[in-house]
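One structure is given below, encoded as structure tokens.
Residue numbering restarts at 1 for every chain, and letters A, B, ... go by the order of the sequence lines.
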Amino acid sequence: MTAVVRDLRRARRIHRLGELEWFEIAYRVYLTAIAGGVAVMWLSDLVSDELITTAQLDDVTSQGPAVLGLFVVIAIALGCRSGSDGGPVSLEAGDARYLMMAPISRRAVLLRPVAQRCRSLAFTGALAGGIAGQLAARRLPGSTAAWTSSGALAGGLVGLAFVATATIVHALAVPRWTATTAGALVVAAQTAAAVWEWPGPGDGIGSLAMWGLRTRLVDLVAVAAVVGATALALAFADRLRLEPLTRRADLVSQLRFAVTMQDLRTVVLLRRQLRGERPRTTPWIRVGRSTSTSATRAVWQRDLRGLARYPASRLLRMAALAAVAGLCTEFVLAGTTPLLVGLGVALYLLGLDAIEPMSQEIDHPDVADGAPEPRGWLHVRHFAAPAVALLPFAVIGAAVVAILEPSHAVGAMALSIPVAWAGAAGSIVSVVRDAPNPVEPSASAAAVPPEFAGFTSSLRFLIPLVVSSLASLTALAMRESSSVGTGLRMAVFNALVVAATGLWVLRRDEWSKAWRGFLAAGRKPVS
Amino acid sequence: MTTAVHAAALTKTYGDAPALGPVDLEVTAGERVVLVGHNGSGKTTLLRIAAGLLDATSGVIEVSGHAVGSLEARAFTSYLGDQPVFYDDLTVWEHLEYVARLHHTEGWEQHAVELLETLGLSHRSDDLPTTFSRGLRQKAAIALAFVRPFEVLLVDEPFVGLDRPGRQALLELLARAHGDGATLVVATHELTTVAESGRLVALRDGEIIFDGPPGDADADALVVR
């Protein structure tokens, strides 16, 4: 490596070490260790110590490699996406401007970040795999050490597969649609392998994860493939392109800051920029001009125009989220209750994409505040267009349920729309709650005592997810009692969730003003 | 006469939005070219492609006979962008040292001292440029563009935020570089600087609409969309 680059890195490391707050770092490590320990204990508690039956063991042996192989193909698919978006590494803006434009070998600049990315994701994967292996050992034959090490090895390889795929895809400048198609194909192939017991591309690593149970030397071919791909990625490091690296350089640092601040809207916007996801210049459907002077009509038209410019990638993502929601629903109906959380999260993310016109309104408060209508009135009118936009995606979710279990088709079709609407309620809560109020800036955050700050910020993050998850209770209710009456009651329940959200959006400013007045009155000295 | 910048059928699109081209441009070594055009006309895109910061969608571009982005092209080309970029944790002087050394510059210290004096930044050389005002950041960026050797200097909107002495210092540095034989391509809205250049290239909606001596054109009319 060029001496000057080495010197700079050393000097900057010394600067950074000098600025570190060691006490704060120790406190963070302490908190992480406690959280990690609690999480592992909680997971261990979920798994009983009872050994599985022989029949179950046969199923695990025959289907395990294909099911576990899904992890590696998902990592490959994500790598394809990341690489086509300019990942997996991000440089500092200064490095992108000065180092990459200097007459020094780009290998000297880029090999290290690529290798670091390999190392960190291999470690994360190995940690997750090791924990999963340790949990598996409690119910499956084989020693804990064997399960833990095979899990860690497979997990590490999953992490490496992601970085290697992303680097190669980036270096070869594979177009996004090609990368997405390739990723979708490997996931589809592995899913087919898991369902119909065909050979799949991820079987080797999946089988390696089960070395705690039995050893198959042929699995080492998959290890060699991942190691080979990683070597190729390192060899391709100097082919990473400056344009995506420069774009990511600015965005990734902003993204990290937004994540730290739990600023979801900024995270969403920055991630879109990272992916180069822009509204279409030419809308899918041209929304004609209107001579109406109705404000309600103006909002409706504005939202339709926004929706008509959704890029294909966002529509595909929404379709995929709807399909995931359908998949989770069917699993919940089949008895896998924890997937209620997956259903809630999928509905929440789908809602976030659907309510983009409303989010745009909230991003530009001057427009709403300049309008001769209360903010809440205006925001509620933004419900209509996303509600219509969600209809086709609700049908996609219902179709997935119907394909997996035809006897659930009628119920799924009937309830999918109210569930999709209620699921979007959490997204509305999260977006509207963060809306700035230029008339009366909130002082509530400043009034929170420091010891409650962590609790309040956790609540801020969780409440929207909880609201979206209310819709997922529909699947649980239908599982317990699949009848027309239950269906009707759950439709009404979902409608009430949407109505309550609408009422909150409409009256939020008044309620918040009344609450502040109440608090201020309490602080007045008694004469 | 050798060619400093050669672009043929160069295009750039962002998604489905065209930003540039097709553009054909030949800049001879030692020329001083001013690029003008309305906002969004493609000036910055053209300069960033020439600097290697953007990939062209199609077409060819070379600097001093070398493909943009190659080791040789990077050694020959200095780029002063419209948005100054700095490390958070390096002072102005440390930035200068770093960039100069990256480009194997001999006797850079004396040159750096002179640059800082010319730009009126001597008293701030040990400060972090990330804490500077827009004008001071621009001055620091100018110093970084000039501290290293170059044959081609690509400059994008260099006068933004500069005070009168800063503008004067920049014009002086540009004249000195041109006098030393460097090729200058400057994109600007400051039409007062057009007269000092030997060639005016005007862009409109990503295409060249004028290419010739500044005296032959009504520069004000060329920047209107």
Scan B:L162, B:L136, B:I142, B:V92 and name whichever one has a side chain to side chain contact (heavy atoms under 4.5 Å, CB included) with B:L119.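 When side chain to side chain contact (heavy atoms under 4.5 Å, CB included) is applied between B:L119 and each of B:L162, B:L136, B:I142, B:V92, only B:I142 qualifies.
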Structural part of [X] lying under 4.5 Å from a heavy atom of chain A:
| X | result |
| --- | --- |
| B:V85 | both |
| B:E94 | side chain |
| B:F76 | neither |
| B:A51 | both |

Between B:K43 and B:D156, does any NZ, NE, NH1 or NH2 come within less than 4.0 Å of an OD or OE carboxylate oxygen? no
Does a side-chain N-to-carboxylate-O contact under 4.0 Å join B:R176 and B:E114? no
Any donor and acceptor pair, going by atom type alone, linking the side chain of B:T11 with main-chain N or O of B:S58 inside 3.5 Å?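 Yes; judged by distance alone, with no hydrogens or angles, the pair exists.
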Measure A:L99 against the heavy atoms of chain B and call it side chain, backbone, both or neither at under 4.5 Å.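 When you check distances to chain B, atoms from both the backbone and side chain of A:L99 fall under 4.5 Å.
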At a heavy-atom distance under 4.5 Å, which candidate from A:R106, A:R247, A:R280, A:R241 has the highest pair count against chain B? A:R106
To the closest 0.5 Å, what do you measure between CD1 (A:I362) and CD1 (A:I355)?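 Atom-to-atom, A:I362:CD1 and A:I355:CD1 are 7.0 Å apart.
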